[in-house]
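Counting convention: from 1, in listed order, for ligands and their atoms alike. For the numbers below, each heavy atom of this structure counts, side chains included, while hydrogens, waters and symmetry mates do not.
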Amino acid sequence: MSWQGIEGHDEVVEHFRHMLGCRRLASTYLFIGPAGIGKRTFAVELSRCLLCLETADESLAACGRCESCRLFAAGNHPDLHLIGLPQGKSSLAISLFVGDEQEPGLCHHLALRPFLSTRKIAVIDDADDLNPYSANSLLKTLEEPPDHSLLILIGTALGKQLPTVRSRAQIIRFRPLAKSLLSKLLLDKQIVAEEKDAARLAELSEGSLTRAQELARPELWEIRQAILEQLARPTWDLADTERMVQQFVQDSGKEASVRRDALRTVIGFVLAFYQALVRSQVGGSSVDEASLRQIVDLAHTTADSADLDLCLEKIDACLDALDQVDRNANQALVISHWLQALTTPVRSTA
Ligand SMILES: [Zn+2]
């Protein structure tokens, strides 16, 4: 089933239909789920339906013809406010909410009466990146929401939300997209042409379309192959691998966030390799993806890779490195420490 062209979130659609049917729409929602699965698209589409002047709320449909739908399509609906992380910034600045000399902020806009529709809606994307000052500036709006306002915050994990927000919002969880749906979307959107490529990307992208799109870059697969081949060997050249990863991350783009994503992807490849290795050692499900299976089989022939504890340590090293990346640690240092941890077992001999 698809609602307004959005697939994979039928449960959330039904929830809203039900709540709207009994007039119990909350004033603040927090959409939680992995990046790249359509939470923002859903929030925007929900807003379009709720602002439409012709259709009933519970129908969750927009007419597409009224003044509201027309302005919405043109991207300048006076009762819709979209906020997200500005490019190159690492947090949502307080000025977005309280305004500055040039323009008033979101809190001011929400307090005004709607211009056209029956509500004013604010969609705050990247809520993971609200800083405490920004969240505090929202406090009054969250505690005493204007009658006509609807606030939708979007984040990737509940643990990343500030308590101020978490405790005052109704939480809606979005699930990762099913592999079969992801495969279909990759083909429909012509991100890949071949079914087998779509299946491979769907397998590796943890239910996220954005992630699958990132993984569709051919140079990613080259570096993945090069690194995994190294890891499957009994000994490998640390300096050489480090140079390769540093270069890849640098070449991926100028923006810090793009480089961070590239590094996260490379670490993810290695993590998936060790996870597959552990699964195969404990007799778990076989590895679906052919190139990874080959490397896992090869790794089995070396003594180190057959050591379960060592593999688990390496998984820890990857998770630590991902954590460092998320904390915006210096990328060159993260790469260096991470690869070091992969080569040297830290297990105590006691
Ligand atoms: Zn309409």
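Taking the ring pair (Phe, Tyr, Trp, His ring centres under 6.0 Å) definition, one finds that H77 meets it with nothing, sequence neighbours left out.
Ion pairing of R264 with D326 is present here, as a side-chain N (NZ or NE/NH1/NH2) and a carboxylate O approach within less than 4.0 Å.
A ring-centre distance under 6.0 Å is found for Y29 and F16.
Side chain of H109 to main chain of L80: no donor-acceptor pair is present (N/O by atom type, distance under 3.5 Å, no hydrogens or angles). A donor-acceptor pair under 3.5 Å is formed between the side chain of S117 and the backbone N or O of L51.
Between the NE2 atom of H9 and the CG atom of L177 there is a distance of 5.0 Å, given to the nearest 0.5 Å.
Taking 2.8 Å as the limit, the number of protein N, O or S atoms around the Zn ion (ligand 1) is 4.
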